[in-house]
Amino acid sequence: MEGFPGYRGCYLLHREEDGQAHIQVLSLWNSPAAVEGFAGTDALTAVVSPAVADLMTDYDTEVRHETVVLQTVTGHGQDPATPTQEDPS
């Protein structure tokens with residue numbers, strides 16, 4: 001998606017559950033027209049490259065589109081190579 005007109009970036013979320021990795025991608029776009037330019041006229045069908053699909057045991061084939069109504073994220077997040085310090089209390 002990088003470099004595609006109207007693409008603003010994404011969040012890649014990860015969690016481990018029952019011994020499996022679960023990944024969620026939240027991509028940000030300038031407009032519904034930009035999404036359609038990327039995904040085609042059926043913008044509810046997930047666009048997953050064959051190389052990425054081969055790495056997964058399962059994935060959603062449909063997507064949801066939502067509108068950001070509040071944004072409070074600052075900075076660029078934590079470097080994933082840096083371990084998170086957990087509060088021992």
Please list every donor-acceptor pair under 3.5 Å in which a side-chain atom of residues 30-40 meets a protein atom from a residue at least two apart or in another chain.
{"residue": "N30", "atom": "OD1", "partner": "R8", "partner atom": "NE", "Å": "3.4"}
{"residue": "S31", "atom": "OG", "partner": "A33", "partner atom": "N", "Å": "3.4"}
{"residue": "S31", "atom": "OG", "partner": "A34", "partner atom": "N", "Å": "3.1"}

Stepwise side chain to side chain contact (heavy atoms under 4.5 Å, CB included) check, W29 with H65: CA-CA 10 Å; W29 297 85; H65 298 282; over 6 Å; no
Closest non-hydrogen atom pair between H22 and Q20, with its separation: CD2-O, 3.4 Å
Evaluation steps, side chain to side chain contact (heavy atoms under 4.5 Å, CB included), between V52 and Y59: CA-CA 10 Å; V52 172; Y59 60 90; over 6 Å; no
Non-hydrogen atoms of C10 and S27 that approach each other most closely: CB-CA, 3.8 Å
Expected output: side-chain E62 to main-chain R64 donor-acceptor under 3.5 Å: no
Same apolar cluster: L28 and L13, side chain cutoff 4.5 Å: yes
Verdict with supporting geometry, M56 and I23, side chain to side chain contact (heavy atoms under 4.5 Å, CB included): CA-CA 10 Å; M56 295 190 262; I23 305 291; over 6 Å; no
Side chain to side chain donor-acceptor pair (under 3.5 Å) partners of D42, counting only residues at least two apart: T45
Contacts of type side chain to side chain donor-acceptor pair (under 3.5 Å), residue H14, not counting sequence neighbours: E16
